[in-house]
Amino acid sequence: MPRITDDDILEQTYMAKLRGILTQKGVLLEYPVDRAAIGVGVHLWVEVDGKKEVIGPRIWFQAKGFHDTTVTATDFAAAETVTTPSLELDHVRSWYNAPEPVYLTVYVEAADVFLAVDVRDFVDRRGGLAKIASQKSTTFNISKHATLERAIEHMPAHRSMRVDGPAWRGRPLGHGIDPLRSVLAPMPPKLFVDVVSGILSAHDFRSAEPSGALNTERPTVLRGQMHLTYEWVLPMTTEFGFEEGSEFRIEGSPLHAQGDVIVVVDPAGDSAPETLEIDIRALAMATDIDRVIVMSNNQFTPAQFGAWFGGLRPDGIRCEPQDLGSLTFNVLTATNVFLDFHDRLEFSYVNYL
């Protein structure tokens, strides 16, 4: 006669609990045939103007469970971690390589709690797939503090993007626009300062100014440290077309900045050293900073470029102005920044990879 085991009952119980939790966070997703080693998923909703919009990331879960006789309440209280049942390495590899986040979830019946870890993050923090590649199976030791509730709090930060389009130097950008040969159009001042803020944040620029906020009406001068190397290319040094009979094009040599720097953010795109409210020469000398980067919401005329590039040189200050021509490179290669603003960015001209 057909029978159901205690394991079947436990799985039915914890899967019903898991579905109940996830349906409070988004739209439930399931495979009609259980052949993907993934139990259930959720398409998270996001609160927008008091309404729930299903525009968040999609998250997937593979669930395991322990009977209260296997991991007792006493065992759980005394332990710092819970060791999962044996996991097939092929399954771990599949979860790790999935285009969207996969969480391994363990239900501990004795404590009525779900533990959950992002498989890719968990594996990376323990040496990567290569460390276990020779094994047929493995186990995860999951902290009992890594609850599903804590994991859910961080899930809206997940992002997924298509990587099947043309790549740039082997790097998927999430779009097919050539970052060296495209130029953004001037932006509304608020959008420009938001984009620049995103670029500075992506390079871990830490302002020494009390607020560090960017003004939308006039240039902002910030001194601080660029903790991650900031790189850009001047379009004037890059070849856009092809010579007859050749597919080779010169790419401009990248410029770099790291460490102490003064950043000038100009939302109007019409400033010069002499028009700033702050004496930038005096600031540079007083703080012993000899590097200035200008980010301008415009395409420079030769006179504008020269005023910045050469205007501070006699004082031993290296000023490197960026107009929209070279800032486009930073927007298009900082994928998260581009994805944040792509639906509001227009181009003066665009070329494709």
Side-chain angles (χ1 to χ4, degrees), residues 1-26 28-31 33-42 44 58-98 100-129 131-158:
M1 295 180 63
R3 294 180 179 177
I4 186 167
T5 67
D6 289 343
D7 289 345
D8 294 328
I9 294 172
L10 176 64
E11 183 175 350
Q12 282 191 144
T13 300
Y14 68 67
M15 287 305 299
K17 286 177 176 285
L18 180 58
R19 290 186 180 96
I21 293 170
L22 298 181
T23 52
Q24 302 302 309
K25 303 297 179 181
L28 207 63
L29 307 170
E30 295 199 59
Y31 284 93
V33 179
D34 184 13
R35 289 295 179 271
I38 292 176
V40 67
V42 63
L44 297 178
R58 291 185 296 189
I59 315 292
W60 299 94
F61 300 84
Q62 176 63 8
K64 307 288 184 182
F66 284 116
H67 289 282
D68 57 9
T69 54
T70 305
V71 177
T72 67
T74 301
D75 293 335
F76 186 75
E80 286 300 317
T81 62
V82 173
T83 302
T84 66
S86 180
L87 307 169
E88 292 184 31
L89 193 64
D90 283 346
H91 289 172
V92 175
R93 186 180 291 110
S94 175
W95 302 331
Y96 182 96
N97 291 323
E100 295 172 315
V102 177
Y103 279 74
L104 180 63
T105 305
V106 177
Y107 178 67
V108 182
E109 184 182 32
D112 191 24
V113 65
F114 283 99
L115 307 180
V117 291
D118 176 346
V119 172
R120 180 177 296 181
D121 181 66
F122 189 90
V123 171
D124 282 344
R125 291 177 181 275
R126 284 151 185 81
L129 279 176
K131 193 170 182 179
I132 55 175
S134 61
Q135 304 170 199
K136 291 185 177 180
S137 63
T138 188
T139 57
F140 286 6
N141 294 321
I142 303 177
S143 167
K144 71 177 184 181
H145 304 295
T147 62
L148 177 60
E149 289 74 19
R150 290 183 64 179
I152 287 174
E153 290 177 6
H154 298 286
M155 286 179 188
H158 282 299

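Counting begins at 1 with the first residue of the sequence.
- Here the closest heavy-atom approach between residue Glu30 and residue Gly39 is recorded as OE1-O, 4.0 Å.
- Side chains of Val123 and Lys131 form no contact here, defined as non-hydrogen atoms less than 4.5 Å apart.
- Legend: ring pair (Phe, Tyr, Trp, His ring centres under 6.0 Å) pairs involving residues 133-156, not counting sequence neighbours, sorted by first then second residue: Phe122-Phe140.
- The shortest side-chain heavy-atom distance between Val92 and Leu129 falls under the 4.5 Å cut-off.
- Atom NZ of Lys144 has more than 12 heavy atoms from other residues, nucleotides or ligands within 6.0 Å.
- Taking 4.5 Å as the limit, some side-chain heavy atom of Gln12 sits within range of a side-chain heavy atom of Ile4.
- Put simply, the side chain of Ile59 reaches to within 4.5 Å of the side chain of Met155, judged on heavy atoms.
- At a threshold of 4.5 Å between non-hydrogen side-chain atoms, the residues Leu148 and Tyr107 do not count as touching.
- The salt bridge (Lys or Arg N to Asp or Glu O under 4.0 Å) analysis of residues 100-120, with sequence neighbours excluded, yields the pairs Lys17-Asp112, Arg58-Glu100.
- Rounded to the nearest 0.5 angstrom, Thr69 OG1 and Asp75 CG are separated by 10.5 Å.
- Note that CD1 of Ile152 is 10.0 Å distant from CD of Gln24, once rounded to the nearest 0.5 Å.
- Residues Leu44 and Val42 are in side-chain contact: their nearest non-hydrogen atoms beyond the backbone lie under 4.5 Å apart.
- Ile38 and Phe61 get closest at one heavy-atom pair: CG2-O, 3.5 Å.
- The side-chain heavy atoms of Ile142 and Thr81, taken from C-beta on, include no pair separated by under 4.5 Å.
- Ala37 and Gln62 make their closest contact through O-OE1, 3.1 Å (heavy atoms, listed as atom of the first residue, atom of the second, distance).
- At least one donor-acceptor pair closer than 3.5 Å links the side chain of Thr13 to the backbone N or O of Ile9.
- Note: Leu18 CG to Met15 CE = 5.5 Å, rounded to the nearest 0.5 Å.
- With sequence neighbours left out, Phe66 forms a ring pair (Phe, Tyr, Trp, His ring centres under 6.0 Å) with no residue at all.
- Applying the side-chain contact (heavy atoms from CB on, under 4.5 Å) criterion to Ser137, with sequence neighbours excluded, gives Ser86.
- Closest heavy-atom contact between Trp60 and Gly41: CE3-CA, 3.5 Å.
- Under the rule for a ring pair (Phe, Tyr, Trp, His ring centres under 6.0 Å), the partners of His158 that lie at least two apart in sequence or sit in another chain are Tyr103.
- Put simply, CG on Leu87 and OG1 on Thr139 are 7.0 Å apart, with the number rounded to the nearest 0.5 Å.
- Pairing each heavy atom of Ala73 with each of Ala110, the nearest pair is N-CB, 3.4 Å.
- Between Leu89 and Arg93, some side-chain heavy-atom pair lies under the 4.5 Å cut-off.
- Among residue pairs with one or both ends in residues 145-155, none qualify as salt bridge (Lys or Arg N to Asp or Glu O under 4.0 Å); sequence neighbours excluded.
- The structure places CZ of Arg126 at 8.0 Å from CG of Asn141, a figure rounded to the nearest 0.5 Å.
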For this session: With side chain to side chain contact (heavy atoms under 4.5 Å, CB included) as the test, would you mind laying out the steps for Val117 and Asp121 before giving the verdict?
Result: CA-CA 8 Å; Val117 291; Asp121 181 66; over 6 Å; no
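- Note: Tyr14 and Phe114 have perpendicular aromatic rings, judged against thresholds of 30 and 60 degrees for the angle between ring planes.
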